Trainee: 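Dropping the structure in here first, questions after.
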Amino acid sequence: VYFIMTGDTWIYPPFLIHITNEERMKALVAVKRVVDYNVKVRVKADNTGVDLTNVKMSVNPFDEIAVEEAVRLQEAGVVSEIVVVSIGPKEAQEQIRGAMALGADRGILVETTDTVRPLQVAKILKAIAQAEAADIILLGKQAIDDDNNQTGQMLAALLDVGQATFASKVKVDGGSVNVTREIDGGLQTVQLSLPAVITTDLRLNEPRYAKLPNIMKAKKKPLEEKKPEDYGVSTASNIQIVKVTPPAERKAGVKVKSVDELVDKLRNEAKVI
Ligand code: AMP
């Protein structure tokens with residue numbers, strides 16, 4: 001009988017194999033720093049973009065759901081480590097720390113002040129997913145600032161792994177995962193072998209609030225700082241934003257005194273009936 005020494009504990013190999021099989025799974029979660037969903041966005045006076053001065057920034061809501069799902073998988077004993085990645089300005093550390101306060105173990109900030117597009121983000125996430133040997137890669141279905149809904153799909157294609165977008169239920173079963181997806185007019189359940197990319201929909205879970213002791217603990221968790229170049233990705237853009245304009249102001253409504261007047265207006269003014 002052979003024993004293995006790890007730290008100051010002797011482990012009997014069959015037991016060691018059992019532990020590693022059970023606890024090997026690693027989750028990678030992508031979190032984007034975006035304008036808080038409660039903020040009424042203003043367009044800059046010169047129409048070049050959205051005014052971000054003194055605007056509250058938060059984790060993209062779908063990414064918060066992705067973090068919560070990873071934490072639940074960890075609590076269920078399926079996942080042993082959760083790594084959170086954000087690509088953005090230095091301040092995106094706040095969103096990484098926020099995810100750590102919810103339960104993520106480690107963070108990676110890929111720092112850039114450039115506006116990064118889905119393909120650039122997907123290329124960076126691909127390099128990280130491979131370096132980390134991540135088994136479950138969780139993203140939001142879309143970032144609420146640019147509404148692209150592209151990154152998860154591109155990442156799965158680059159990694160050449162399965163993808164389940166718009167997830168409303170995730171169940172890991174050994175080396176595969178069953179994901180229920182919200183599709184037009186119903187639900188679809190797909191089975192993917194791991195590693196796989198999953199993007200979250202609103203009904204997947206309700207994220208918890210961070211507790212104060214966990215916020216304090218999160219400050220001590222490891223956060224690596226990288227640059228896009230470290231992953232061989234250029235953030236130069238081949239897209240030029242021509243113009244950003246706010247939606248047209250809504251005109252004041254008209255009060256009508258009777259149904260007859262309403263019908264008359266719909267027929268003769270709006271000409272819709
Ligand atoms: P999008 O394709 O831009 O709508 O974004 C979909 C998802 O990709 C988001 O919900 C995030 O999980 C991830 N993502 C997009 N951009 C970033 C970023 N800069 N940093 C980290 N994750 C991102």
Side-chain angles (χ1 to χ4, degrees), residues 27-37 41 49-50 52 57-71 82-100 102 104 106-129 131-132 134 136-159 161 163-168 170 179 181-182 196-205 207 223-231 233-237 239 241:
L28 183 71
V29 188
V31 298
K32 187 177 186 188
R33 175 181 169 91
V34 296
V35 173
D36 187 90
Y37 72 97
V41 290
V50 167
L52 295 179
M57 304 294 283
S58 300
V59 172
N60 181 46
F62 295 108
D63 305 352
E64 219 170 9
I65 294 172
V67 173
E68 174 67 34
E69 197 60 23
V71 173
I82 303 169
V83 181
V84 180
V85 181
S86 192
I87 301 143
K90 198 154 197 73
E91 294 79 14
Q93 280 191 7
E94 292 162 24
Q95 281 62 48
I96 296 177
R97 293 277 177 216
M100 288 170 166
L102 295 179
R106 268 194 303 126
I108 302 173
L109 169 68
V110 183
E111 199 191 327
T112 174
T113 49
D114 292 341
T115 303
V116 278
R117 309 274 171 213
L119 187 56
Q120 294 158 334
V121 174
K123 285 180 180 170
I124 294 170
L125 292 177
K126 176 198 174 188
I128 297 175
E132 295 283 346
I136 302 176
I137 305 153
L138 288 154
L139 290 83
K141 73 167 177 182
Q142 73 191 54
I144 61 163
D145 51 1
D146 294 330
D147 274 350
N148 286 314
N149 181 355
Q150 294 173 358
T151 311
Q153 295 87 327
M154 288 176 170
L155 175 60
L158 292 176
L159 283 170
V161 300
Q163 58 173 291
T165 50
F166 311 107
S168 63
V170 172
V179 181
R181 310 180 52 233
E182 302 208 358
V197 173
I198 300 169
T199 75
T200 62
D201 214 324
L202 208 56
R203 276 164 287 271
L204 179 58
N205 61 50
L223 201 170
E224 244 179 292
E225 291 186 20
K226 296 281 192 181
K227 299 267 185 227
E229 306 84 73
D230 296 334
Y231 302 104
V233 178
S234 156
T235 51
S237 182
I239 294 176
I241 294 185

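Atoms within a ligand are numbered from 1 in the order they appear, just like the ligands themselves. All of these numbers come straight from a predicted model, not from anything done at the bench. When reading the values below, keep in mind they use all heavy atoms of this one structure, side chains included, and skip hydrogens, waters and symmetry mates.
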Trainee: Considering both backbone and side-chain atoms of Val85, is one of its nitrogen or oxygen atoms within less than 3.5 Å of a nitrogen or oxygen in ligand 1?
Mentor: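 Not met; the criterion fails.
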Trainee: Identify, for atom 20 (N) of ligand 1, the protein heavy atom at the shortest distance, and state residue, atom and that distance.
Mentor: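 Sorting protein heavy atoms by distance from atom 20 (N) of ligand 1 puts Ile87 N, 3.0 Å first.
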Trainee: Any heavy atom of Asp146 closer to ligand 1 than 4.0 angstrom?
Mentor: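 The answer is no: ligand 1 sits nowhere under 4.0 Å from a heavy atom of Asp146.
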Trainee: State the CG-NZ distance between Leu204 and Lys141, to the nearest 0.5 angstrom.
Mentor: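 Going from CG on Leu204 over to NZ on Lys141, the span is 11.5 Å.
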Trainee: Main chain of Gly88, side chain of Arg33: is a donor-acceptor contact present, judged purely on distance under 3.5 Å?
Mentor: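 Flag not set: sc Arg33 to bb Gly88 has no pair under 3.5 Å.
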Trainee: If you round to the nearest 0.5 Å, how far is OG1 of Thr235 from CG of Asp114?
Mentor: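 Interatomic distance, Asp114 CG to Thr235 OG1, rounded to 0.5 Å: 3.5 Å.
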Trainee: Measuring from atom CG of Leu139 to atom CG of Asp63, what distance do you get when rounded to the nearest 0.5 angstrom?
Mentor: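 Answer rounded to 0.5 Å: 7.0 Å.
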Trainee: Measuring from atom CG of Asp146 to atom OG1 of Thr151, what distance do you get when rounded to the nearest 0.5 angstrom?
Mentor: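 It comes to 9.0 Å.
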Trainee: Using modelled atom types and a 3.5 Å cut-off, is there a donor and acceptor pairing between side-chain atoms of Asn60 and backbone atoms of Gln142?
Mentor: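 Indeed, once roles are kept as given, a pair shorter than 3.5 Å links the two residues.
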Trainee: Identify, by atom number and element, the atoms of ligand 1 in contact range of Val116, meaning under 4.0 Å from any of its heavy atoms.
Mentor: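 Here the atoms of ligand 1 in question are 19 (N).
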Trainee: Decide whether an N or O pair under 3.5 Å exists between Leu125 and ligand 1.
Mentor: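 Between Leu125 and ligand 1 (N or O atoms, distance only) the closest approach is not under 3.5 Å.
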Trainee: With distance as the sole test, does Glu225 use its side chain to make a donor-acceptor pair with the main-chain N or O of Lys90 at under 3.5 Å?
Mentor: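 Side chain of Glu225 to backbone of Lys90, a donor-acceptor pair under 3.5 Å: no, none is there.
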Trainee: Suppose we measure from atom 22 (N) of ligand 1 to each protein heavy atom; which comes out shortest, and what is that distance?
Mentor: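 So the nearest neighbour among protein heavy atoms is Ala30 CB, 3.5 Å.
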Trainee: I need the nearest protein heavy-atom contact for atom 16 (N) of ligand 1: residue, atom name and distance, please.
Mentor: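 Heavy-atom neighbour on the protein nearest atom 16 (N) of ligand 1: Lys32 CD, 3.4 Å.
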Trainee: For the CZ atom of Arg181 and the CD atom of Gln163, what is their distance to the nearest 0.5 Å?
Mentor: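 Between Arg181 CZ and Gln163 CD, I get 8.0 Å after rounding to 0.5 Å.
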Trainee: Can you sort out which atoms of ligand 1 are near Asn149, meaning under 4.0 Å from one of its heavy atoms?
Mentor: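 Those atoms are 1 (P), 2 (O), 4 (O).
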Trainee: Tell me: protein heavy atom nearest atom 14 (N) of ligand 1, and distance?
Mentor: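 Checked against all protein heavy atoms, atom 14 (N) of ligand 1 sits closest to Val121 CG1, 4.0 Å.
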Trainee: Do any N/O atoms on Thr151 end up under 3.5 angstrom from N/O atoms on ligand 1?
Mentor: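 Looking only at distances, the answer is yes, because the N/O contact criterion of under 3.5 Å is met.
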Trainee: How does Leu139 reach ligand 1, if at all, at less than 4.0 Å between non-hydrogen atoms: by side chain, backbone, both, or neither?
Mentor: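 The answer is both, backbone and side chain.
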Trainee: Provide the number and element of each atom of ligand 1 under 4.0 Å from a heavy atom of Gln150.
Mentor: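 Those qualifying, in numeric order: 2 (O).
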Trainee: So which heavy atom on Ser86 is nearest to which on Val31, and how close?
Mentor: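 Answer, listing the atom of Ser86 first, then Val31: OG-O, 2.7 Å.
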Trainee: Hey, which atoms in ligand 1 end up nearer than 4.0 Å to a heavy atom of Ala143?
Mentor: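 Heavy-atom distances to Ala143 below 4.0 Å select 1 (P), 3 (O), 4 (O), 5 (O), 6 (C).
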Trainee: Write out the residue and atom name of the closest protein heavy atom to atom 21 (C) of ligand 1, then the distance separating them to 0.1 Å.
Mentor: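 Scanning the protein heavy atoms, the shortest distance from atom 21 (C) of ligand 1 goes to Val31 O, 3.2 Å.
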Trainee: Measure Asn148 to ligand 1 on non-hydrogen atoms and call it side chain, backbone, both or neither using the 4.0 Å cut-off.
Mentor: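 Looking at Asn148 and ligand 1, atoms from backbone and side chain both fall under 4.0 Å.
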Trainee: Between Glu182 and Arg203 (salt bridge meaning N to carboxylate O under 4.0 Å), is one present in this structure?
Mentor: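 Arg203 and Glu182: salt-bridged.
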Trainee: Can you pull out the closest protein heavy atom to atom 6 (C) of ligand 1? Residue, atom name and distance to 0.1 Å, please.
Mentor: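 Sorting protein heavy atoms by distance from atom 6 (C) of ligand 1 puts Gly140 O, 3.5 Å first.
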Trainee: Any atoms of ligand 1 less than 4.0 Å from a non-hydrogen atom of Asn60? List them with their elements.
Mentor: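 In order of numbering, the contacting atoms are 9 (C), 10 (O).
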Trainee: Just let me know how Asp63 lines up against ligand 1, side chain, backbone, both or neither, with a heavy-atom cut-off below 4.0 Å.
Mentor: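 Only the side chain of Asp63 comes within reach of ligand 1.
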Trainee: If I compare all heavy atoms of Gly140 with all of Thr200, which pair ends up nearest, and what's the gap?
Mentor: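 Looking at all heavy atoms of both residues, the closest pair is CA-OG1, 3.5 Å.
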